[in-house]
Each structure stands twice: as C-alpha cells, then as structure tokens.
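Notes follow the structure.
When a ligand or atom number is given, it counts from 1 through the structure's own listing order.
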Amino acid sequence: MSVLDGKELRIVGFLCNWCSYGGADTAGVARATQPTDLRIIRVPCSGRVDPLFVIKALLGGADGVLVSGCHPRDCHYAAGNFYARRRLEVLKQFLPVLGIDDRRFEYTWVSASEGQRWQQVVTLFTERIHKLGPAPQLEDAEPLLRVADMALTALRPLGTGQKAALDELKAAVKAKLPELDCVIGWQQGRDAAHTVPLFMRTPEDVDKLVWGPFNVNNPAVYLPSFKGKKVGIVVKGCDSRSVVELLQENLIRREDVTIFSLPCEGTLDMARVDQELGRYKIIDKVEYDEAGVTVTADGTAHRFCMTDCAQGKCYGCAMPSAVLADESFGTPVQVTPGDAAPPELALLDSMTLAERLSFWRGQMERCLRCYACRNACPMCVCRDYCVSDSRDPHWMTQEDSAREKLFFQTIHALHLAGRCTGCGECQRACPVGIPILALRQQIARAVAQLFDGYRPGCNPDDVPPLLGYEVVEKNILERDWK
Ligand code: FES
C-alpha cells in the first residue's frame, strides 16, 4: 500500500530555515504530491539541532525523525551543517544501544530550489518508517534485568599495587607542597576497606595518602573547582586521561597543575565489596597479597580476588599508567590494547533491539534520579545550567518515569560524546548499580570508528572531534537519496 494511502505515522522533521524549509515550500508551491506524516519544526540551521531534540522526539513517541539542512559548503552560517554532520552521525550510531532502530532517524541536505529532491526524500523516508511500523514504546517494554559476564573481556594483569613506590611519591609531594595550594589524592575512609578524597595542604596530610585497589574515586573531578590556583593531583591511568581532557578543553591550565602518578594494577568494584561484607560493626584487618585482598569484618574473613571483583572498566584497561605526568614512580605497566568490547557493552551487543529497550526499561525503573552519576563525572562541567535543572527551556519534567530518566541518561551520555575518558565514575557513583557506563562506551566506540581511532584524554593538544569538522569527512558517507 502506498504511504499516501496508509494510516499516518508520527514523523518529526527538523528543517533548516534557509534551505530545506525553502525546499519543502518549493515542493508545496509546485503541488508535488507528498505523504502527510511529517510534522515540520523550523530551525535556524541544522547546526542548531541538538541530539537532545531527536532523543526527546523518539522517546516521546515519534516513529521517525528527519533532520535536513543546507548542502555542505552552502550553510548560511558557513559551518553549522559540518558540525551537525558529526553530531548526528554519532547519534545515529548511538541509537541502537538504547533499543531504537537507527533507521528511524535520518539526516540529509536539501536546498531551497530542490523541491523535487525534497519530495523524494520525504517520500522515501516515510516509506521506510511505514515498513518499520509504529515505534516500540519504552512504557510497553517488559522490564528485563541482566548482569554482564566479566569473563567476556580479556583480562589484563591485575594486582593490588602493594609494591608501588608510595614512600617515594609521598616524599615528592612533600617536596612540591610549598609551591602548591593543595594536592589531591586518597586517604582511608570510614575504615581500612574504604577510601575518600584527600586534600593535602601540610606534610602531616601527605602521611595520610594511601594507594591500592580501594582508590576508586577519580580526583580529577575536583580540578575545575581549583581553577586559577596551583594544585597537584595524584592519578591512576584513567584519572590522568580526565586531567588531559580538562586541559584539552581549557577548563584548567597546564602551568597550574602538577601531576604525580603511579601505575595502576586495578581497582575493586565497591558495590560488590559492600554487598559481600554486608552489615558489620568493625573491620578487624585488611590483608593484601598479589592476587587480592582479605577483609576481616566482625571476625569473618572475606576474600576479594582482583580477577573476580575488579571494576568492569579495569579488565580491559589499556592505559594503567598515566598518559601525562610531571613525576612518575614505579615501572610503567605495558598493556596491549585488545578489541574486545567492555563487559556491559558486550552484554548489550548480544541483545536484540527489543531486549535492549526492555533492559533500559528495567534499569531506569531502578534509577532514583539522584544525579550522583552527573556529580561524580569529571567532564560534566555545565552543572550550573544542566538540562535536568533548567526550567527555561523545560526539557525534563519531575515525572518519575523510566522515559524521563532514560532521557536524562542519554543526554548526559551525548554531552560526553568525544569527551568521556571512560573513568566509570558515573557507574561507580550510582547507588543502585545501573550500568550506565555502557552508553558512554558505545559513543566512544562510534567516535573511535568515525574519527580514526580517536580516544579522549590522550593528548592535550588534540581538539575533541565534535568541536571541529572536516569539509570532506573520511568516514562519514554523504546522504544520497537517489
Ligand atoms: Fe542551513 Fe546552516 S543554515 S544548515
């Protein structure tokens, strides 16, 4: 049945004012026959289309979304569509991890004189959406809870870091302390099986510095709040990438930051540790060996082997040593990067689209909307104007629904596109253990494929790919609807 005769579906079109909107107008003036499913929203430029618009439409019940702008090199604002092309391509590759068929989203270029091309684009896209049928809705999906299998990922050597040169590090920090306002590291928390951030201002503070698998926090999250001050930081490999990304984005200045590093042998998944320890009154002792940690609580010994209880991000970590440091101690750990997907992403890869939608429905029903994921993220720097708090525009309601929560998570992930260093703080901070790092890992995979293996936070001189463009993109095919 022709799409002109069938039941209408809900398709949202974001059209640039200067070209595609004119193209649609030209088609209308020429009385070109078109399907009527498309609801057009006029935007000043395709560069104005935030992926948030597309996600909002798709999660809100649209069966398809079409973005159309001026042809490359014809943008009224010179480069809006070049920036849009990168963002929208990353978005297209991201949608399947949510359980949304990427064929439901398309972007293209139509000029004001191309009424015929507009007719072709809108007819072909509407036909495609009719073939796919109405979009499955998150609210209709049956909640599905599955846990990632850590054995899916190739292991790298893990340990407890007890041979690390901690004394040398402390001596170096003490020597440098008079020139700095503060040095950030870790100290023992409520007991020897937990750590909290340490802000060292005196030599006595430095003596509290600890190193080991309980150093789970990423201290780089505090760096922007010290902007303009001289500050030191002790980092693991993944933390150092966050520092480099902050430098790349000019959120801190290199001359203000002194980086101390030790090679990391892995950190523990504290959610699993706390679950195993259960309720206890007192930690009697914590004993380390090469393979793991034995924690004795209320007289009962609990064994945490690194190969079983490390954080998911540590299993396939390719950068256990700092990518940038002023003072490094110990021998850098060399790891051969593998191409296996991280465990949580591998779990999603093994599911169908319908299962992924059910998976996120189940996970989002557990979300408390506490925003700990946002607050722990070192790269989430617009907290003063976060979409979750903004009332003008009012992007998010206070509704306690899986859809609103998934909307927030996807926006958070997309704001980190090409910026997330994979430190996993979002997932670690989540009090109910939702594997939200997988969303960022899918984007990181798409960014690496599209931009020649780009990995955020590796070189302070790199420009994050979504902050730039190429006139001719090597790995992004031009949209052709012939
Ligand atoms: Fe049309 Fe920028 S003005 S895409």
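Atoms of ligand 1 lying under 4.0 Å from any heavy atom of Cys75, numbered from 1 in the order shown and given with element: 2 (Fe), 3 (S), 4 (S). In summary, the atoms of ligand 1 found under 4.0 Å from a heavy atom of Trp18, numbered by their order in the structure, are 3 (S).
Because the distance cut-off is set at 2.8 Å, Cys70 qualifies as a neighbour of atom 1 (Fe) of ligand 1 through one of its N, O or S atoms. Among the atoms of Cys16, an N, O or S atom falls under 2.8 Å of atom 1 (Fe) of ligand 1.
Aromatic ring centroids of Tyr222 and Phe199 lie under 6.0 Å apart. Taking the centre of each ring, His76 and Trp18 come in below the 6.0 Å mark.
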Check against side-chain hydrogen bond (donor to acceptor under 3.5 Å, both in side chains), Trp360 and Gln409: CA-CA 10 Å; Trp360 289 116; Gln409 289 302 343; over 6 Å; no
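Looking from atom 3 (S) of ligand 1 to the surrounding protein, the closest heavy atom is His76 N, 3.3 Å.
Counting heavy atoms from C-beta on, the side chains of Met379 and Leu246 come closer than 4.5 Å.
Heavy atoms only, all atoms of each residue included: Val447 and Gly418 are closest at CG2-N, 3.8 Å.
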